Amino acid sequence: MINSVICQDLGIKYPVFQGGMAWIADSSLASAVSNAGGLGIIAGMNMNGEQLKEEIRKTRSLTDKPFGVNIMLMSPFAEEVSDVVIEEKVPVITTGAGNPVIYMKKWLAAGIKVIPVVASVALAKMVERRGAYAVVAEGGESGGHIGELATMPLVREVCSAVNIPVIAAGGIADGAGLAAAFMLGASGVQMGTRFLVADECTAHENYKQMVLKAGDRDTIVTGRKSGHPVRALKNTFSRQYKEKEEDAAVTAEELDLLGRGALRRAAREGDTETGSFLCGEVAGLVTKKESAADIVRSVCEEAELLFKGAAQWVK
Ligand code: TUI
C-alpha cells in the first residue's frame with residue numbers, strides 16, 4: 001500500500017489530499033474523501049465565519065476521520081475564518097493565494113497542522129521557518145489561481161530546499177502522477193480536477209460534463225497581466241475575459257465586474273456561458289464519474305503497480 005510520513009502524522013490511510021476548490025469543496029466532498037482514507041478539505045474561500053462553522057459541523061456529522069479547511073488568503077473573510085478554524089478545532093489548515101505567516105502563530109498555538117500552498121521555493125522556506133508542518137507545492141498546471149512555475153521543477157526545487165514533507169499538486173490525476181511526484185521527493189499529492197467529477201462532488205452537472213469532455217488543450221489562463229493568473233476551461237466567459245484584458249481600453253473595474261460571481265455561476269448554477277469553470281490541464285485524463293473512494297483507492301493502487309514494476313528500468 002502506498003504510504004508516507006504524512007499518513008502517520010495526519011492520521012490518514014492514503015497520502016492523497018483533495019484540493020479546497022472554491023464553491024465546490026463542501027462537507028459532502030470533503031467527508032467522502034476523508035472517509036475514503038484521504039484528506040478531505042473544505043473550501044473556506046466563499047464562506048463567512050458562520051457559514052464555515054456550519055460546514056465544519058456538517059463534515060463532522062459525516063465523518064470521524066481527519067479533514068482540513070483551506071483558507072484562501074485573498075478572501076474578504078480570511079481574517080474571520082482564521083479564527084473559526086481555531087474555535088472549531090480543525091486539525092489541518094491549508095492556505096492559498098498568498099503568504100499566511102500573519103496567521104500562523106495563532107494556528108500553531110492552537111495545535112493545528114498548517115500546510116500552506118506555495119508556488120515558490122522562497123515561500124516554502126519562509127513557512128518552514130515559521131513552523132509549517134508541510135507545504136503543498138502547486139504548479140501552474142492546476143486549475144484556479146496559479147503561480148509561475150510548472151509542477152516538475154517546482155516540486156523538485158521545493159523538495160531539495162526544505163526538510164518538511166512536500167505534497168505535490170498541479171497536473172496530477174492518476175497513479176502515474178502520484179508515482180512521478182513521489183520520485184521527485186514528494187510525500188503526498190493533492191488533486192482537484194479529478195475530484196470535480198466524484199459522485200459526492202456537488203458541483204453542477206454541467207460543470208462535470210464540461211470536465212469529462214475536456215481534452216488536453218481545453219484550458220486557458222487569464223489574469224497574467226493583472227498579476228492574478230487563473231486557469232479555467234475555455235468557454236464564452238474565459239475567451240471574452242481574455243479578449244478584454246488584452247484590450248487597453250478596458251479598465252480593471254470593468255474586468256472585475258465581468259468576473260464577479262463567475263465561480264458561483266459555474267459551480268452552483270452550471271451557467272456554461274458566463275461561468276468561470278476552474279479546471280486543471282489534466283482534464284484530458286478525467287473521463288469517468290466514480291465515487292471519491294474509488295478515485296483515492298485506484299490512484300494509489302495504480303501507483304503501487306508502477307513502483308513494483310520500476311525495476312524493469314534498472315539493468
Ligand atoms: O489558491 C489557489 N487556487 C485558487 S484560489 C481560487 S478562488 C478565486 N480564484 C480566482 C479569482 C477569484 C477567486 C481559485 N483557485 N491555489 C493555491 C495557490 N497559491 N496557487 C498559487 C498560490 C500562491 C501564489 C503566490 C501562493 C502564494 C503566492 O505568493 C505569496 C507571496 O507573498 O509570496
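Excluded from the calculations below are hydrogen atoms, water molecules and symmetry mates; all remaining heavy atoms, backbone and side chain alike, are included. Computed from a predicted structure; not experimentally measured. Numbering of ligands and ligand atoms starts at 1, following listing order.
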What residues form a salt bridge (Lys or Arg N to Asp or Glu O under 4.0 Å) with Lys234, not counting sequence neighbours?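 Applying salt bridge (Lys or Arg N to Asp or Glu O under 4.0 Å) to Lys234 gives none.
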Which is closest to atom 16 (N) of ligand 1 by heavy-atom distance: Arg260, Met21, Glu138?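 Of the listed residues, Glu138 has the closest heavy atom.
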Considering Ala169, Ala119, Ala22, Gly259 one by one, which has a heavy atom nearer to atom 24 (C) of ligand 1 than any of the others?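 It is Ala119 that holds the nearest heavy atom.
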Give a yes or no on this: more than 12 heavy atoms of other residues, nucleotides or ligands lie within 6.0 Å of atom [atom1] of [X].
X      : atom1 : result
Glu148 : CD    : no
Lys105 : NZ    : no
Lys242 : NZ    : yes

Which residue supplies the protein heavy atom nearest to [atom], what is that atom called, and how far is it?
atom                    : result
atom 29 (O) of ligand 1 : Leu123 CD2, 4.3 Å
atom 10 (C) of ligand 1 : Val230 CG2, 3.6 Å
atom 32 (O) of ligand 1 : Asn99 CB, 3.6 Å
atom 19 (N) of ligand 1 : Ala97 N, 2.9 Å
atom 17 (C) of ligand 1 : Val117 CG1, 3.3 Å
atom 28 (C) of ligand 1 : Gly98 N, 4.1 Å
atom 5 (S) of ligand 1  : Met72 CG, 3.6 Å

Are side-chain N/O atoms of [X] and [Y] paired as donor and acceptor at under 3.5 Å?
X      : Y      : answer
Thr251 : Glu254 : yes
Gln51  : Glu55  : no
Asn35  : Thr63  : yes

Other than Val136, which residues form its hydrophobic cluster under the rule that side-chain heavy atoms must be closer than 4.5 Å?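 Val5, Ile6, Leu10, Ile12, Phe17, Leu39, Ile41, Val92, Ile115, Val117, Tyr133, Ile167, all in the cluster of Val136.
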Can you list the ligand 1 atoms lying under 4.0 Å from a non-hydrogen atom of Gly144?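 Near Gly144, the atoms of ligand 1 are 14 (C), 15 (N).
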Closer than 4.0 Å to some heavy atom of Leu278 - which atoms of ligand 1 meet that?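 Close to Leu278: 14 (C).
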Could you tell me if any non-hydrogen atom of Leu263 lies under 4.0 Å from any atom of ligand 1?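 Leu263 counts as a contact of ligand 1 under the 4.0 Å cut-off.
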Less than 4.0 Å is my threshold; does some heavy atom of Val118 fall inside it relative to ligand 1?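 Val118 does not count as a contact of ligand 1 under the 4.0 Å cut-off.
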Quick check: does His145 get an N/O under 3.5 Å from an N/O on ligand 1?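 Yes, at least one N or O pair falls under 3.5 Å.
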So His145 and His228, would you call those rings parallel, tilted or perpendicular, with 30° and 60° as cut-offs?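 Rings of His145 and His228: tilted, as their planes differ by 30° to 60°.
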Closest non-hydrogen atom pair, Asp271 against Phe277: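 Minimum heavy-atom separation between Asp271 and Phe277: O-CE1, 3.2 Å.
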For atom 22 (C) of ligand 1, is some protein heavy-atom partner under 4.0 Å away?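 So atom 22 (C) of ligand 1 has protein heavy-atom neighbours under 4.0 Å.
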